[in-house]
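To start, the structure under review is shown below, and the notes come after it.
This one's a predicted model, so the numbers in the text were calculated from it and none came from an experiment.
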Amino acid sequence: MNWTVDRYELPLSNPFGISRETSETSEAVVVELSREGTTGIGAVTPSAYYGESAASVAETLPSLCEVVDRIGDPHAQQRIERELGERAPDQPAARMALSIAVHDLAARSLDLPLYRQWGLDPDAVPPTTYTVGIDSPERMAEKAGTAADNGFDHLKVKLGTDDDRVRLDAVRDAAPDAELRVDANAAWTAEEAIDKTAWLADAGITMLEQPVAADDIGGLRRVTDATEIPVAADESCVTASDVPRVADACDIVNAKLVKCGGIRPAMGLLHAADAHGLDSMLGCMVESNASIAAAVHLAPLVDYVDLDGALLLESDPYTGVPLDGDVFDLTGVSAGTGARRVPDW
């Protein structure tokens with residue numbers, strides 16, 4: 001089995017702000033696995049918040065590729081992901097990139113898209129949100145209005161500033177018919193979040209994501225108990241083992257492959273959420289279609305989709321699952337994840 005590892009610094013269409021940082025580029029690490037004339041593509045945009053970087057992922061991937069090469073069979077995914085976890089237990093982003101490549105290679109070798117290999121229903125994919133990052137109220141309004149005009153009926157609004165209400169009001173005015181969800185990225189105390197829930201409810205907010213610090217499970221519970229707005233855990237729920245800890249403190253958990261370490265771990269988190277009576281969401285970083293595409297194939301399993309990361313890029317070396325309005329069209333994928341390298345990029 002042959003492999004390549006490449007790094008891309010991808011410019012964003014606009015600076016993307018959340019409560020703890022603003023980014024102007026996204027750094028992707030792409031791994032391609034080739035076997036018997038078939039190539040699988042996987043990628044990740046690691047997050048410093050979770051302790052990884054593009055440099056650390058690129059350094060780790062060759063040793064993980066050696067694991068896959070030794071096993072030899074991309075269909076041996078349970079064994080591969082178990083051994084990857086043993087080799088790199090604290091590097092889920094590196095494992096994610098290779099997990100996607102292995103699944104893509106296996107499905108392409110069968111000439112099947114992933115969702116069909118898993119027996120999932122392409123008509124069960126929820127619409128994706130489009131994220132409006134923190135910016136001036138005027139720029140946030142402009143982004144929201146453009147997204148709504150382009151057919152995105154569900155907007156995620158990043159908050160966690162000194163004037164959140166002004167920004168949210170600007171977005172609401174620009175997209176009066178859109179369903180709005182709010183993500184504070186752990187910026188508020190429980191008391192602040194509870195105070196804000198009244199005007200968030202008045203604004204018609206349909207989801208409040210990670211209002212408090214990741215380790216403040218008690219505060220998360222207090223916010224959930226204080227509002228009728230469904231509350232989602234993101235930073236507080238990293239892997240399946242976190243689900244029991246947050247099960248009575250939120251309504252929704254956000255699964256991201258970059259947090260979990262790959263496709264099978266993400267499936268485990270989604271099944272754990274279902275077993276605990278929680279709704280689930282698939283989320284992403286601002287990242288290439290080479291990684292977003294794989295997550296889309298899991299979308300029939302969840303209640304909410306937030307997989308707009310590639311839409312925020314100025315350019316992307318890979319295409320992915322086609323969008324029909326704000327819904328990903330899995331039937332448009334012929335094999336694997338659907339990720340394809342853009343010629344001459």
Side-chain angles (χ1 to χ4, degrees), residues 1-8 26-36 38-110 114 117-118 214 235 237-243 255-272 282-285 287-288 290-295 297-298 318 336-337 339:
M1 190 176 297
N2 299 315
W3 67 81
T4 62
V5 176
D6 295 301
R7 288 170 61 175
Y8 297 92
S26 171
E27 195 161 10
V29 184
V30 181
V31 57
E32 296 192 6
L33 295 174
S34 298
R35 177 177 181 264
E36 299 176 353
T38 301
T39 299
I41 299 166
V44 66
T45 293
S47 170
Y49 180 85
Y50 294 107
E52 290 181 85
S53 66
S56 70
V57 168
E59 182 179 353
T60 300
L61 274 172
S63 68
L64 299 186
C65 289
E66 291 173 359
V67 172
V68 178
D69 186 36
R70 174 172 49 78
I71 293 172
D73 180 5
H75 299 281
Q77 292 154 7
Q78 182 180 24
R79 180 182 174 189
I80 288 171
E81 299 222 22
R82 181 179 67 245
E83 294 199 20
L84 295 182
E86 293 168 352
R87 178 70 66 91
D90 299 321
Q91 294 175 277
R95 302 197 316 268
M96 167 191 166
L98 195 51
S99 168
I100 293 173
V102 166
H103 280 79
D104 189 36
L105 176 58
R108 288 181 197 249
S109 71
L110 297 174
L114 274 180
Q117 189 177 5
W118 298 332
E235 287 91 337
C237 188
V238 176
T239 67
S241 63
D242 293 318
V243 173
K256 293 178 180 175
L257 272 65
V258 69
K259 298 187 299 183
C260 300
I263 289 176
R264 291 178 67 86
M267 282 184 170
L269 192 155
L270 296 178
H271 293 320
L282 277 169
C284 66
M285 313 305 285
E287 54 191 316
S288 167
S291 48
I292 294 286
H297 288 260
L298 292 168
Y318 293 85
T337 67

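Side chains of I292 and Y318 form no contact here, defined as non-hydrogen atoms less than 4.5 Å apart. Between L257 and L298, the closest side-chain pair of non-hydrogen atoms falls below 4.5 Å. You'll find the side chain of L33 reaches within 4.5 Å of the side chain of L98, heavy atoms only. Residues Q91 and V57 are not in side-chain contact: their nearest non-hydrogen atoms beyond the backbone lie 4.5 Å or more apart. S99 has its side chain within reach of I263: a pair of non-hydrogen atoms, C-beta onward, lies under 4.5 Å apart. When side chains are defined from C-beta on, R264 counts as touching H103, because their heavy atoms get closer than 4.5 Å. The closest side-chain heavy-atom distance from H75 to S109 is below 4.5 Å. Side-chain contact between V30 and I41 is present, with at least one heavy-atom pair separated by less than 4.5 Å.
The backbone N or O of A93 sits less than 3.5 Å from a side-chain atom of E52, completing a donor-acceptor pair.
Considering all non-hydrogen atoms of both residues, C237 and L269 come closest at SG-CD1, 4.3 Å. Nearest heavy atom pair, residue C260 against residue P92, reads C-CB, 4.1 Å. The heavy-atom pair separating Q77 from A106 by the smallest distance is NE2-CB, 3.3 Å. Looking at every heavy atom in both residues, S291 comes nearest to A43 through CB-O, 3.1 Å. In terms of heavy-atom proximity, A107 sits nearest to G336 at CB-CA, 3.7 Å. Heavy-atom minimum distance, E32 versus T39: OE1-CG2, 3.8 Å.
Between atom OH of residue Y8 and atom CD of residue E287 there is a gap of 15.5 Å, rounded to the nearest 0.5 Å. Atoms OG1 and CG, on T60 and L84 in that order, are 11.5 Å from each other to the nearest 0.5 Å. Separation of atoms CG (L105) and CG (L110) is listed at 9.5 Å; rounding is to 0.5 Å. Rounding to the nearest 0.5 angstrom, the gap separating the NZ atom in K256 from the SG atom in C284 is 7.0 Å. Between the CD atom of Q117 and the CZ atom of R108 there is a distance of 12.5 Å, given to the nearest 0.5 Å. Atom CZ of R35 is separated from atom CG of D73 by 5.5 Å, given to the nearest 0.5 angstrom.
Checked against side-chain hydrogen bond (donor to acceptor under 3.5 Å, both in side chains), T239 has the following partners two or more places apart in sequence or in another chain: S241.
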Would you check, one step at a time, whether the test side-chain contact (heavy atoms from CB on, under 4.5 Å) holds for W3 with E66? CA-CA 9 Å; W3 67 81; E66 291 173 359; 3.9 Å; yes
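For the pair E83 and R87, the salt-bridge criterion is not met [side-chain N within less than 4.0 Å of a carboxylate O]. No salt bridge links R95 with E81; every basic N to acidic carboxylate O contact stays at or beyond 4.0 Å.
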